[in-house]
S.K.: 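Attaching a single structure in structure tokens format; questions to follow.
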Protein chains: 2
Amino acid sequence: MKATIKDVARLSGVSISTVSRVMNNPELVVPRKRQRVLEAIRELHYSPNALARGLIHKRTGTLGVLIPDISNLFYPAVLRGMEDAANQSDYNLIICNTDTSTVRRNSILKVLYEKQIDGVIWTSEPLSRNSYEMFDTLDFPVVLAATHSPDYEIPSVRVDDEQAAYDATVYLIKRRHTRIGMISGPPNDPISGYPRIQGFLRALRDHHLQFDESVCVEFGKYHFEDSYEAMKRLHGKYPEMTAVFASSDERALAAISYLHENQIRVPDEISVIGFDDTRMAGMSFPRLTTVAQPLYNIGYLAVDKLLKVINENPIEELRTCVPHQIIERNSVIDCTQRAVIK
Amino acid sequence: MKATIKDVARLSGVSISTVSRVMNNPELVVPRKRQRVLEAIRELHYSPNALARGLIHKRTGTLGVLIPDISNLFYPAVLRGMEDAANQSDYNLIICNTDTSTVRRNSILKVLYEKQIDGVIWTSEPLSRNSYEMFDTLDFPVVLAATHSPDYEIPSVRVDDEQAAYDATVYLIKRRHTRIGMISGPPNDPISGYPRIQGFLRALRDHHLQFDESVCVEFGKYHFEDSYEAMKRLHGKYPEMTAVFASSDERALAAISYLHENQIRVPDEISVIGFDDTRMAGMSFPRLTTVAQPLYNIGYLAVDKLLKVINENPIEELRTCVPHQIIERNSVIDCTQRAVIK
DNA sequence: CTGAAAGCGCTTACAG
DNA sequence: CTGAAAGCGCTTACAG
């Protein structure tokens, strides 16, 4: 049996109030008694029951994290950042997979609510009206990570997707590519789809590159094989393309695989730039040039912000936009060098 | 303010006992009252406080998962399996990173203990005497995932590392490779180091391949760059090698990167086989042939087993060994074909 | 079938 | 400085 505060009180010959005090306000207890209590605690391997404490303080020191699917390689770094931030403030994380299902989301939120979670991080997915109302009626403090809400006043931490896509495209243009394709996520995805396509198109437009959206963009859903097929279609309809912007590292690797397997050299014939900078980006051949999201920081800052909301500390800005950055590796070549090699 | 059972009792004009009953044993309450209570619950958005319940039942429905580092790409699939198993039985998971630090482990275990976690999954790391004693005195139900303990009677779920390494090596030998190198983890690692080296050597021995361990094995610690360097050293001292067994997919990708970057064709000149079958394995070029661990299942079964221990259901076997399997992709070629190509 | 009471393991005014 | 008491939000014998 686990020892309780009563056992400690009995063994040290004081009341449970006193035991409680030596744990929470030791200076209120005379040293002699304090010692006796401390000894009893040690002897009994006593440690306080967080449920009882939580009941009184209305705090549990645990946060809920909702992500679409932990097996997506985008999350390991993000979650590590969240964990570290939580850990630093003595919080724990309960991580749950929603599989983008509303039903699942509801049932998760219900049990987290019962477990008296102090707040939740909502990751990646756009925040529907329905989700918003759920958080609102449950009165959950929420922070959005790697997503944001233009419609509701909810704190968020993410990258400027439109601008990042713009910069990635400009990076290619600066290297004299003029015929650039894109492998995108679903156009109705308000995070990794729509804004990145817009950024891509804006860059082309700004540089007076003629383009026809229907020939230079192809869509791969989330997984590798989809994007592999998308690359095949893209290459089929736009064979003169010299570079491609893929809106995730996974899509970029799929594109590279397709090219390799069809004897098209990367980057000598076609350059590829990715998005995210997951760990895989450094492990491919050629190593992937990509626009990095500060994944770890996104996670870290999101939890940090949530903790501020919970503790009613002021937060500097509602929607924080963390900087992206192009990581140059070996999958992009200057288009003129390309000509030489050829 | 959150509604409590008292609010529901007041609104529906019954005692809290009755409210409690409609939640837990509705058949004990007359339909008329039951309806009234149900309505009040809905009206107040009432949902029971799991802390109060946990205090009484001495159960929280949450499990602790200790892993070395969630940002390792080995874990996403394992954790997904754990999550699904937990979810299916209405349990939640608190995931914590130990960074292989004893201090960190102790502090994590302390708070999980206070939070009255129902049990813990200990992942990947070998179970030291010290850890064992910790679990023992805390009286935590524990299951080991992707590791096991020869010394203590603790349930575990993992692959037979020695045999899997043996099979991977035999796979190369069957394809007529006779000069095979290995990129291994640290030899003192009782999971991904020692047994896999032993399996590798046993395969060579069984097939009468002459070998000198000091020339055909090199060590890369955990990360990519280490293994890249290890591959460089291995190739330097064993240039006639035609195939390499890497004891993780990450090591295999590092080996492939090294070979590519030095214009050594894979698999045409040197074949590479990996270990784990993480998602990256399908995304590399060439796609990686590897010995798969059933990562998802390891996670799923470990939680399943832990739940059985917690509920005092019998478990079929203390140490379950899940089957490994070689996934053939494109990074290994028959050594005779290799000669032809050359 | 239902309510009052005790209790789960704590914390925190309130007296003294 | 310290103890008795009330209370956090529930569940569960025990009477009736």
Side-chain angles (χ1 to χ4, degrees), chain A residues 1-38 40-41 44-62 110-118 138-139, chain B residues 1-38 40-41 44-62 110-118 138-139:
Chain A
M1 260 349 301
K2 282 181 180 176
T4 71
I5 198 172
K6 279 188 195 168
D7 300 316
V8 177
R10 201 172 308 133
L11 182 61
S12 47
V14 300
S15 73
I16 62 167
S17 316
T18 299
V19 176
S20 179
R21 283 191 200 97
V22 341
M23 306 203 69
N24 302 306
N25 300 292
E27 68 283 1
L28 298 182
V29 178
V30 284
R32 178 195 289 269
K33 279 191 181 169
R34 201 193 303 159
Q35 283 318 315
R36 284 220 311 269
V37 170
L38 256 16
I41 286 176
L44 297 171
H45 288 107
Y46 170 71
S47 102
N49 184 322
L51 298 183
R53 283 184 162 176
L55 207 48
I56 295 167
H57 290 134
K58 292 167 186 339
R59 288 247 175 162
T60 52
T62 114
K110 183 164 173 298
V111 334
L112 293 185
Y113 184 71
E114 292 183 0
K115 290 192 177 178
Q116 313 295 115
I117 285 311
D118 295 333
L138 294 184
D139 198 28
Chain B
M1 257 350 301
K2 281 182 181 176
T4 71
I5 197 172
K6 279 188 193 166
D7 302 315
V8 177
R10 199 172 310 133
L11 182 61
S12 48
V14 300
S15 72
I16 62 167
S17 315
T18 299
V19 176
S20 178
R21 280 189 202 99
V22 342
M23 307 204 68
N24 302 304
N25 300 292
E27 68 284 1
L28 298 182
V29 178
V30 284
R32 177 194 289 267
K33 281 193 181 170
R34 201 193 302 160
Q35 283 319 315
R36 285 221 309 271
V37 170
L38 256 15
I41 286 176
L44 298 171
H45 287 108
Y46 170 72
S47 103
N49 184 321
L51 298 184
R53 281 184 162 174
L55 206 49
I56 296 168
H57 291 135
K58 294 168 183 339
R59 287 247 175 160
T60 53
T62 114
K110 184 165 171 296
V111 334
L112 294 185
Y113 185 71
E114 292 182 359
K115 291 193 177 177
Q116 314 295 116
I117 284 312
D118 295 333
L138 294 184
D139 198 28

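Per chain, numbering begins at 1; letters A, B, ... match sequence-line order.
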S.K.: I need the CG-C1' distance between Asp7(B) and dG9(D), as an integer number of Å.
M.R.: 11 Å

S.K.: Within the structure, does a side-chain N or O atom of Asn24(A) lie under 4.0 Å from either OP1 or OP2 of dT11(C)?
M.R.: yes

S.K.: Check whether any side-chain heavy atom of Lys6(B) lies under 4.5 Å from a side-chain heavy atom of Ile16(B), and answer yes or no.
M.R.: yes

S.K.: Strictly below 4.0 Å: does Lys58(A) bring a side-chain N or O up to OP1 or OP2 of dG9(D)?
M.R.: yes

S.K.: Identify which nucleotide among dT2(C), dT12(D), dT12(C) has an atom closest to any side-chain atom of Ser17(B), counting heavy atoms from C-beta outward.
M.R.: dT12(D)

S.K.: Any side-chain N or O of Lys2(B) under 4.0 Å from OP1/OP2 of dG9(D)?
M.R.: no

S.K.: Could you tell me if the side chain of Met23(A) sits less than 4.5 Å from the side chain of Pro48(A), heavy atoms only?
M.R.: yes

S.K.: Write down the distance between CG (Asn49(A)) and P (dG9(D)), rounded to a whole number of angstrom.
M.R.: 16 Å

S.K.: Does OP1 or OP2 of dG3(C) have a side-chain N or O of Thr18(B) closer than 4.0 Å?
M.R.: yes

S.K.: Is the base of dA4(D) touched by the side chain of Ser15(A) through a donor-acceptor pair closer than 3.5 angstrom?
M.R.: no

S.K.: Does the side chain of Arg21(A) get closer than 4.0 angstrom to OP1 or OP2 of dC1(D) through an N or O atom?
M.R.: no

S.K.: Under 4.0 Å between any heavy atoms, over every strand shown, what does Ile16(A) touch: base, sugar-phosphate, or nothing? Just pick one.
M.R.: base

S.K.: Against the six-membered ring of Tyr113(A), is Lys2(B) placed for a cation-pi contact (under 6.0 Å from the centre, within 45° of the normal)?
M.R.: yes

S.K.: Counting only Watson-Crick pairs (N1-N3 plus N6-O4 or O6-N4) and G-U wobbles (N1-O2, O6-N3), all under 3.5 Å, who is the partner of dA4(D)?
M.R.: none

S.K.: Would you say a side-chain N or O of Arg53(B) is under 4.0 Å from OP1 or OP2 of dT11(D)?
M.R.: yes

S.K.: Could you tell me whether the side chain of Ser20(B) reaches within less than 4.5 Å of the side chain of Ile5(B), counting heavy atoms only?
M.R.: yes

S.K.: dT11(C) phosphate, OP1 or OP2: any side-chain N/O from Ser20(A) under 4.0 angstrom?
M.R.: yes

S.K.: Any idea which of dT11(D), dC10(C), dT2(C) is nearest the Val29(B) side chain?
M.R.: dT2(C)

S.K.: Counting heavy atoms from C-beta on, name the nucleotide in dC8(D), dG9(D), dT11(D) closest to the side chain of Ile56(A).
M.R.: dC8(D)

S.K.: With a 4.0 Å cutoff (strictly under), does any side-chain N or O of Lys33(A) reach OP1 or OP2 of dG3(D)?
M.R.: yes

S.K.: Would you tell me if any nitrogen or oxygen in the side chain of His57(B) comes within less than 4.0 Å of OP1 or OP2 on dC10(D)?
M.R.: no

S.K.: Lys6(A) side chain N/O closer than 4.0 Å to the phosphate oxygens (OP1, OP2) of dC8(C)?
M.R.: yes

S.K.: Figure out the CG/P separation between Leu55(A) and dC10(C), and round it to whole Å.
M.R.: 12 Å

S.K.: Quick check: do Glu114(B) and Asn49(A) have side-chain heavy atoms less than 4.5 Å from each other?
M.R.: no

